[in-house]
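The structure appears below as structure tokens.
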Protein chains: 2
Amino acid sequence: MERPVGSKRVTLAQVAELAGVSVMTASYTYNRPRRVSDEARSKVLAAAAQLGYAGPHPSARSLRRGSTGTLGVVMGERLTYAFDDPQAVSFLAGIADICADRGYGMTILPITGAADDILRIRDAAVDGFVVWTTSDDDPIIAAVQAIKRPAIVHGGPAVHGLGLVSIDNRAAARAVGAVAFAGAKRPAVVSFPLDRNRVSGITRGVDTTAVRFPVTRERLEGYRQATEDTGIAWGEVVIAVCARNDAAEAESAAATLLTSAEPPDAIAAMSDQVAAGVMRAARAVGRVIPDDLAVTGWDDGPVAAELGLTTVAQSLRDQGAACARVALGQKPSSQAASWSIIRRGSTRH
Amino acid sequence: MERPVGSKRVTLAQVAELAGVSVMTASYTYNRPRRVSDEARSKVLAAAAQLGYAGPHPSARSLRRGSTGTLGVVMGERLTYAFDDPQAVSFLAGIADICADRGYGMTILPITGAADDILRIRDAAVDGFVVWTTSDDDPIIAAVQAIKRPAIVHGGPAVHGLGLVSIDNRAAARAVGAVAFAGAKRPAVVSFPLDRNRVSGITRGVDTTAVRFPVTRERLEGYRQATEDTGIAWGEVVIAVCARNDAAEAESAAATLLTSAEPPDAIAAMSDQVAAGVMRAARAVGRVIPDDLAVTGWDDGPVAAELGLTTVAQSLRDQGAACARVALGQKPSSQAASWSIIRRGSTRH
DNA sequence: CTGTTAGCGCTTTCAC
DNA sequence: GTGAAAGCGCTAACAG
């Protein structure tokens, strides 16, 4: 039977009445079917079908039960960027794996960068949160803290009351920097933005304490150690800051570096995408990789293998899964996520 | 103040009491702040801060208001496949655009292919559903129908009570088939699976009425028209069915076709990914494209431009957005989504 | 501008 | 195996 348009929602009480049983028997039919006699159950189901009952009201059930069966995911800034970044997509896939296993829904929260983002967080009907890496001063972090539900941050910042899943970015940057900068005279870095203003530009020896994205900060610190390990002062190192993790922007920044008076002979990039842009720029101006220019990336995505790029391998998918497990109540592992250096032909020796 | 672990949730009533106002004044402070005097509002906010009130309980609010502020998305089968398919990701991004604009959350429902998937649909706290293209006999379709909330299907099947957003796949397949098969003696098709069993294999002249995925069925019918338009009987046409939309699987299927006794001289593929696999296989056996082998794709993703692939252009992102608008209550447009043929070097002339 | 009343639809007790 | 009562936390509707 179709429920006529505009009629009120059919309730469990109505179903129970038509079936000639108590509301509780009807409720059990849906929640503990084996606790109800076959006869009662079929009467309830028949009544439900006749009335077009759509099943227990999810919000009423959540209110009563105290949980929603849904995990909230906050991807930072414009929600749609998440879908443009292959690493973010892997991360989401990792969360999805766990949610699917556990029968949880996965609610991606609508972040736009506007002030009312925090309201959307506050009002989300979810049991826990996973927050994609952001800046120290992102108001979303405070909003999630205030809500007092299980929450985990990916990458950083590390804050009180929220868990953290991350690799040791500083150590990984130092390690990949050592490979990138080996034998180099003029190392350079192509960096993610330093703060939420996302100003792009070219400088030297960034003051890392002023960097507001913890992941970016730690990577810069690692690169700094790597350059100093080779006897070069950080103040000498050229840093090109890109506003986005985007090959095209990186290509143009790299073109500027490579055609300058003192072009770099080694470039460490913060993602494989960025490194791909750098390699394209190098080829365009006739540089040979790795002889004229060593290049390293980050993430070891499919591009890295294609391009023969030395890079930092990490599994965003596993990290997404780890985040989901914790946000769903599992005790967090105290261990940092794993990474390794993949050496390929884009670096010397 | 931290709320001690294990203590009960702070309620609006407690906040109101501490603030010395009625519950309604406290409620208005959150929902209609301008309707409350500055004094009352700040008392409420102070009390909330002191108690560590996390804001109105989302499920309670949804129950009372009758809506959740969340849109449900059903991606079919294992949820994580969605994130592996670039077109599906574009589609999700289109939904995300609209949700972000409207302040809606976007809940991706956990489908595993198991029988209890329909329970997850029934129990989802969402105001409407978007269903990614599936088979005629997918129980999810019936489950969504039964729930009587706004719902829209992408691609197909078209069913009573649910809206549909799709291009005219039959017409597009006929048009791209005409280009692919022009001048060909032995046209072939690399197809998506025919039903949910996803058996792969190579046959001829598939009986389209037995195909359970409507999008695949319509495309096959369009290709059939295209071959018949060139005077070739459908029964002669070799169809390689791949279980997944995956370049590697397509490559191996194409390799089989191309090394057979009567290798095809034109292959129409149902996605750019698949076409890319076909082109790789062709190159491996020394076929020249388009002279020895014409190839067409579908979707006009970034790969198509890179490979110079003739293809069907459509915007999954726009279609995702259109789905979201309808599922959020906007009147559906009666117009089908748009498509066009992009001719590039992978086809003759 | 503030408050009172009355539920939203369901499931957790606890009794039979 | 079944049922009655109680109330999850909140806000629409209406008075004042």
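Computed from a predicted model, the values in this text were never measured in an experiment. Chain identifiers are assigned alphabetically (A, B, ...) following the order of the sequence lines, protein sequences preceding nucleic acid strands; residue numbering begins at 1 within each chain. Keep in mind that the numbers below use all heavy atoms, side chains included, and drop hydrogens, waters and symmetry copies.
No hydrogens or angles considered: a donor-acceptor pair under 3.5 Å links the side chains of B/Q319 and B/H154.
With sequence neighbours excluded, the residues satisfying ring-ring contact (aromatic ring centres under 6.0 Å, His included) with A/Y30 are A/Y53. Shown here are the side-chain hydrogen bond (donor to acceptor under 3.5 Å, both in side chains) partners of B/R102, two or more places apart in sequence or in another chain: there are none.
At the heavy-atom level, B/V23 lies under 4.0 Å from base atoms of the strands shown. Nucleic acid contact for B/Y30: none, since no nucleic acid atom lies under 4.0 Å from a heavy atom of the residue.
Rounded to a whole Å, the CZ atom of A/R122 is 11 Å from the P atom of D/dC10. Here D/dT2 presents its P atom at 15 Å from CG of A/N31, a figure rounded to the nearest Å. One can place NE2 of A/H57 at 18 Å from P of D/dC8, the figure rounded to the nearest angstrom. With rounding to whole Å, B/L12 atom CG is found 7 Å from D/dC10 atom C1'.
Atom CD1 of A/I121 and atom CD1 of A/I147 lie 6.5 Å apart (nearest 0.5 Å).
Interface limits on DNA chain C: the 5'-most and 3'-most nucleotides within less than 4.0 Å of chain A heavy atoms are C/dG9 to C/dT13.
DNA chain D is contacted by both B/P58 and A/S22; A/S22 maps to the nucleotide lying nearer its 5′ end (nearest heavy atom per residue).
Looking only at distances, a side-chain donor or acceptor of B/S62 sits under 3.5 Å from a matching main-chain atom of B/P58. Under the 3.5 Å distance criterion, the side-chain polar atoms of B/T25 are left unmatched by any main-chain donor or acceptor of B/V21.
Screening residues 106-117 of chain A for salt bridge (charged side-chain N to carboxylate O under 4.0 Å, His left out), with sequence neighbours left out, gives A/D116-A/R120. Applying the salt bridge (charged side-chain N to carboxylate O under 4.0 Å, His left out) rule to pairs touching residues 42-64 of chain A yields A/R61-B/D123, sequence neighbours excluded.
No salt bridge links B/D127 with B/R65; every basic N to acidic carboxylate O contact stays at or beyond 4.0 Å.
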Report each atom pair, protein N/O against N/O of nucleotides 12-16 of chain D, whose distance is under 3.5 angstrom.
none

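Among the nucleotides D/dG9, D/dT11, D/dG1, the one closest to the side chain of A/S37 is D/dG1.
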